[in-house]
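Please read these numbers as outputs of a predicted model, since none were measured by experiment.
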Amino acid sequence: MSSASLHQRPLHNPLNDPNPLSLPSSQTSQKSTSFLQSRTTLLLLLSLLVILGVFYPYIQFPQNGFLSYTSKSSPFESKWRDYSLSKAAAFVAKNNTLIVCIVSEAYLPFLNNWLISIVRQKHHDKVLVIAEDYATLFKVNERWPGHAVIIPPVLESQAAHKFGSQGFFNFTSRRPRHLLQILELGYNVMYNDVDMVWLADPFPYLEGKHDIYFMDDMAAVKPLNHSHGLPPPGKKGRPYICSCMIYARPTNGAKLIMKKWIEEMQIQPWSRAKKSNDQPAFNWALNKTVEQVDMYLLPQSGFPTGGLYFRNKTWVKETKGMHVIIHNNYIVGFEKKTKRFRDYGLWLVDDFSSESPLGRLD
């Protein structure tokens, strides 16, 4: 027998194995590991099913096929999400009248500034804030319960910041629909942009029983005794009335204008070539219904456009003591508007935020 034969490992013969069902240790180990992996996988699947069962009520399945998770609303949030325009109007209205603004979160400082000026005229109790996002809805109602409402669908507020953008168009295009809804509920409604400041009470200037009242957006000086009818069309075939300040009674005439305004916006939608907003459509609506509706142009001395008030110092001196509502238009951008208000002593939130029902907004 050779030395090689002495050191050769004998072959394993399963027929000679006293325990024919036993496996080599390496195979036993592999089977054990496989069993453990299968058990772990099963436990993971069970865990996922439990988690899915817990969170399923809060998972939305939108039409685009992507899942999105929405956290469960708190009782506070649920209350205001379900707060309808009819409930809000009934709660806020005084003498069947509402003062309305439409605000997204970015405009909250201007909302506060505007509110302070209205508090000073003792008309803030009839202010209803139409919030365009939930952050605004919750913040206003947290500090001033019942004075904010949201009207679905909710827009992406960040898209509404830039003047001339499609988001800005979408934001402003909802205005006539909101106002029409309020008129259909039977209320008088005053609408203001929040980049305005009240220097006096505007209600004594709403003379007579006209369907709708508005202010001119032209900077050209008018005589103090100017006509209160709709001004003649300008170069573009329509007048230049500002959609920033409107008072309407719940008459058929006022409702007709709102419906026509909505129609005109559908005829002239936003496009990259024509970055429109809601004001041209409002003017076309006025122009096309002037024979059917009783309209009233407010006095320029009391309701000047920003292009006149902030740019014509001589006129401001000559009409001192007559100014009622000042509009900070003819300028674009939050910072520029804020600076101009500060320069003219009209940015009230710096020193008088305690006068606002919202307090200081940081």
Check: [X] side chain, [Y] main-chain N or O, donor-acceptor pair, under 3.5 Å:
X      : Y      : value
Asn113 : Leu348 : yes
Asn112 : Gly359 : yes
Thr289 : Gln292 : no
Asp294 : Asp211 : no
Asn141 : His147 : yes
Tyr205 : Leu298 : no
Ser356 : Ser353 : no
Asn328 : Lys337 : yes
Tyr213 : Glu207 : yes
Gln300 : Lys222 : yes

Is there a path of hydrophobic side-chain contacts, each under 4.5 Å between heavy atoms of I/L/V/M/F/W/Y residues, joining [Y] to [X]?
X      : Y      : result
Met322 : Leu206 : no
Tyr296 : Met218 : no
Ile331 : Phe341 : no
Val316 : Leu346 : yes
Phe282 : Trp284 : no

For residues [X] and [Y], report the shortest heavy-atom separation together with the two atoms involved.
X      : Y      : answer
Arg81  : Leu137 : N-CD2, 4.3 Å
Pro239 : Asn283 : O-OD1, 2.8 Å
Tyr240 : Lys235 : OH-N, 3.9 Å
Gly146 : Trp80  : N-CH2, 3.3 Å
Leu98  : Ala89  : CD1-CB, 3.8 Å
Met190 : Pro202 : CE-CG, 3.9 Å

- Query: Do Phe91 and Tyr83 have their ring centres less than 6.0 Å from each other?
  - Reply: no
Within the structure provided, determine whether [X] and [Y] are in side-chain contact (heavy-atom separation under 4.5 Å).
X      : Y      : result
Val189 : Leu128 : no
Trp114 : Ile99  : yes
Tyr134 : Glu77  : no
Cys242 : Phe303 : no
Met295 : Ile257 : yes
His178 : Val100 : no
Pro109 : Thr338 : no
Lys260 : Glu264 : yes

Can you measure from [atom1] ([X]) to [atom2] ([Y]) and round to the nearest 0.5 angstrom?
X      : Y      : atom1 : atom2 : result
Tyr330 : Asp217 : OH    : CG    : 5.0 Å
Thr319 : Leu224 : OG1   : CG    : 8.0 Å
Ile116 : Glu355 : CD1   : CD    : 6.5 Å
Arg249 : Thr97  : CZ    : OG1   : 8.0 Å
Glu132 : Ile150 : CD    : CD1   : 7.0 Å
Asp133 : Leu108 : CG    : CG    : 7.5 Å

- Message: Under the criterion side-chain contact (heavy atoms from CB on, under 4.5 Å), I'd like the reasoning laid out for Ile212 against Tyr247: C-alpha separation, chi angles, the key distance, then a yes or no.
- Response: CA-CA 6 Å; Ile212 191 166; Tyr247 181 78; over 6 Å; no
- Message: For Lys94, I'd like to know if atom NZ has over 12 heavy atoms of other residues, nucleotides or ligands within 6.0 Å.
- Response: yes
- Query: Counting only heavy atoms not in Asn252, do more than 12 sit closer than 6.0 Å to its CG atom?
  - Reply: no
- Item | side-chain contact (heavy atoms from CB on, under 4.5 Å) between Asn192 and Trp198, intermediate numbers included | CA-CA 10 Å; Asn192 277 190; Trp198 290 24; 2.8 Å; yes
- Task: Using the side-chain contact (heavy atoms from CB on, under 4.5 Å) rule, take Leu361 and Arg143 through it: C-alpha gap first, then chi angles, then the decisive distance, then the call.
- Result: CA-CA 10 Å; Leu361 296 174; Arg143 298 177 179 224; 3.6 Å; yes
- Between the side chains of Asp193 and Tyr191, is a donor N or O closer than 3.5 angstrom to an acceptor N or O? yes
- Message: Is a donor from one side chain sitting under 3.5 angstrom from an acceptor on the other, for Asp216 and Thr305?
- Response: no
- Evaluate the criterion salt bridge (Lys or Arg N to Asp or Glu O under 4.0 Å) for residue pair Lys139 and Glu142; output intermediate values, then yes/no. CA-CA 5 Å; Lys139 183 162 286 189; Glu142 179 184 19; over 6 Å; no
- Query: Does Lys126 make a cation-pi contact with Phe203, if we ask for NZ or CZ under 6.0 Å from the ring centre and within 45° of the axis?
  - Reply: yes
- Query: How would you list all residue pairs meeting salt bridge (charged side-chain N to carboxylate O under 4.0 Å, His left out) that involve residues 300-318, not counting sequence neighbours?
  - Reply: none
- Query: Hey, which of Arg120, Gln121, Lys122, His123 is the one that makes side-chain hydrogen bond (donor to acceptor under 3.5 Å, both in side chains) with Asp201?
  - Reply: His123
- Please assess Phe310 against Ile326 for the test side-chain contact (heavy atoms from CB on, under 4.5 Å), listing each intermediate value before the final yes or no. CA-CA 9 Å; Phe310 293 108; Ile326 307 301; 3.7 Å; yes
